[in-house]
There are 2 protein chains.
Amino acid sequence: MLVQSLNTEQLIIESARKHFAARGFSGVSLQDIAADAGTTKSMVNYYFRSKEKLFSVIFLREFQLLFSSIASFLLEDLPLKEKITNIVSLDVDRLLKMPELPVFIMSEMHRNPEIVLKHLEHIPIDQLLLQLDKQIRRETKQGIIRYIPPRELMINIQSLTIFPFLSKPMMTGRLGYTEKTFTALMMKRKKDIVDTIWKSIAV
Amino acid sequence: MLVQSLNTEQLIIESARKHFAARGFSGVSLQDIAADAGTTKSMVNYYFRSKEKLFSVIFLREFQLLFSSIASFLLEDLPLKEKITNIVSLDVDRLLKMPELPVFIMSEMHRNPEIVLKHLEHIPIDQLLLQLDKQIRRETKQGIIRYIPPRELMINIQSLTIFPFLSKPMMTGRLGYTEKTFTALMMKRKKDIVDTIWKSIAV
DNA sequence: GTCTATATTTCGATAGAC
DNA sequence: GTCTATCGAAATATAGAC
């Protein structure tokens with residue numbers, strides 16, 4: 001395999017992604033991004049016109065990453081419990097690879113809600129929730145679970161999955177976790193989350 | 001009741017709290033803070049010497065607010081289920097009053113972990129967890145619950161309680177919630193959270 | 001496409017009058 | 001205690017040579 005060196009635009013994107021995720025929009029200067037990409041601020045403006053536009057590009061990519069595959073998992077033809085298992089497993093794996101993603105999304109979403117809403121418009125949330133609602137009602141009728149509003153089910157799943165990554169600095173800093181034990185906890189936690197969710201709705 | 005006008009220092013603190021919480025340390029200028037407090041940047045430096053010192057004052061106040069009373073609830077002599085009920089209820093009430101608090105703590109914790117760790121040193125976390133561990137083992141022996149490591153129990157409680165506030169912009173923006181229905185959801189959710197937690201550990 | 005140089009603004013902080 | 005004025009540094013963005 002060739003060691004393909006990236007072009008300047010790609011280097012800038014990768015550097016910007018890293019810096020924005022670590023310190024947010026206003027915590028990063030074009031100088032930081034350019035230096036880390038081995039080029040100058042002028043090149044950043046040349047490719048992306050402005051800091052805002054560069055940020056928008058980065059944010060969109062990360063945002064889609066976080067929400068894309070959940071949708072396809074929800075639409076699969078599987079029992080609810082298996083869907084939940086798949087979503088949790090996928091999310092934990094992905095978050096372990098990019099643990100700074102949630103706090104990036106969260107803080108920028110509060111700083112600038114409009115940018116999120118604009119991107120969310122392209123995701124058929126209502127349809128996904130309706131679909132999920134049908135399945136919940138079906139399995140309720142079959143006596144498998146008790147009814148739970150689909151939005152609340154999703155909030156519970158996301159809460160138990162994402163929150164530990166948001167409080168990771170506290171866990172590794174003072175609660176006695178290291179990088180290794182944190183990863184181990186999260187791998188074990190996949191099963192715990194599904195168990196907790198399922199016990200809360202199982203008949 | 002007299003309409004007591006606050007002095008300049010208090011006005012600056014209140015303005016700084018609001019702005020820092022909304023946009024973080026580097027997203028706010030002393031100019032913003034001063035203008036909103038009806039004074040000038042000079043006065044901010046006069047009272048607090050530097051932006052860093054001002055921020056530290058604000059952060060410490062908010063941080064203690066978030067963690068103070070959990071400790072006392074944990075130390076009370078009550079059955080575990082009642083402790084959980086009390087903690088969840090208190091947290092939800094407080095977060096409804098200051099919904100921007102979690103994202104403020106979370107993002108600044110990631111941008112500057114040291115400041116958090118310094119404040120955490122004064123809280124006897126190990127002792128609290130040991131105390132909780134004893135109670136869990138006791139109620140396990142009594143056949144009330146199955147054993148769960150105290151840190152994981154606390155993570156689950158905090159996850160289900162705090163996460164909805166972190167994703168509030170998404171819920172009110174696109175998931176069909178308004179301020180009123182969000183508040184209603186969270187009030188109802190108090191009971192749901194305790195139920196979910198309890199079912200996950202009950203025998 | 002890439003760089004240097006620079007224009008322009010804004011920021012944090014200080015000096016000094018009152 | 002409070003303000004105006006200002007300094008020096010750093011930021012975004014642009015102009016222009018190559």
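Labels below follow one simple rule: chain letters A, B, ... track the order of the sequence lines, proteins then strands, and each chain is numbered from 1.
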Problem set entry | Separation of atom CG in A:Asn7 from atom C1' in C:dG1, rounded to whole Å | 11 Å
Problem set entry | Residue B:Thr40, side-chain heavy atoms: nucleotide from C:dA13, D:dT4, D:dG1 that is nearest | D:dT4
Exercise. OP1 or OP2 of C:dT10 less than 4.0 angstrom from a side-chain nitrogen or oxygen of B:Ser29, does that happen here?
Worked result: no
Exercise. If you look at every strand shown and take non-hydrogen atoms under 4.0 Å, does A:Val28 touch a base, only sugar-phosphate, or nothing?
Worked result: sugar-phosphate
For this session: Rounded to the nearest angstrom, tell me the gap between atom CG in B:Leu54 and atom P in C:dA13.
Result: 10 Å
Problem set entry | Phosphate OP1/OP2 of D:dC3: any B:Thr39 side-chain N/O under 4.0 Å | yes
For this session: Identify whether NZ of Lys or CZ of Arg in B:Lys168 sits under 6.0 Å from the centre of the six-membered ring of B:Phe182 and within 45° of that ring's axis.
Result: yes
For this session: Tell me, please, whether B:Phe25 has B:Arg111 positioned over its six-membered ring: NZ or CZ under 6.0 Å from the ring centre and within 45 degrees of its axis?
Result: no
Exercise. Quick one: does A:Gln10's side chain have a donor or acceptor within less than 3.5 Å of a partner on A:Asn7's backbone?
Worked result: yes
Exercise. Using 30° and 60° as the class limits, which term best fits the ring planes of B:Phe55 and B:Phe20: parallel, tilted or perpendicular?
Worked result: perpendicular
Problem set entry | Distance in angstrom units between A:Leu30 CG and C:dT10 C1', rounded | 15 Å
For this session: Could you please name the option among C:dC3, D:dT2, D:dT4 that lies closest to any side-chain atom of B:Met43?
Result: D:dT2
Exercise. NZ of A:Lys53 versus C1' of D:dA13: gap in Å, rounded?
Worked result: 12 Å
For this session: May I have the distance from A:Lys41 (atom NZ) to C:dT2 (atom C1'), rounded to whole angstrom?
Result: 15 Å
Exercise. Once you round it to whole Å, what is the distance between P of C:dT9 and CD of B:Gln31?
Worked result: 16 Å
For this session: Would you confirm whether B:Ser15, through its side chain, and B:Leu11, through its main-chain N or O, come within 3.5 Å as a donor-acceptor pair?
Result: no
For this session: In whole angstrom, give the distance that lies between atom CD of B:Glu9 and atom P of D:dT2.
Result: 10 Å
Exercise. Does B:Tyr46 place a side-chain N or O at less than 4.0 Å from the phosphate oxygens OP1/OP2 of C:dA13?
Worked result: no
Problem set entry | B:Ser42 side-chain proximity, nearest of C:dG1, C:dC11, D:dA5 | D:dA5
Exercise. B:Arg23 has an atom CZ; how far is it from atom P of C:dC11, in whole Å?
Worked result: 10 Å
Seminar exercise, completed: Ranking C:dT2, D:dT14, C:dA13 by distance to the side chain of A:Asn45, first place goes to D:dT14
For this session: Ignoring backbone atoms, test whether B:Thr8 places a side-chain nitrogen or oxygen under 4.0 Å from the OP1 or OP2 oxygen of D:dG1.
Result: no
Problem set entry | C:dG12 OP1/OP2 closer than 4.0 Å to side-chain N/O of B:Lys51 | yes
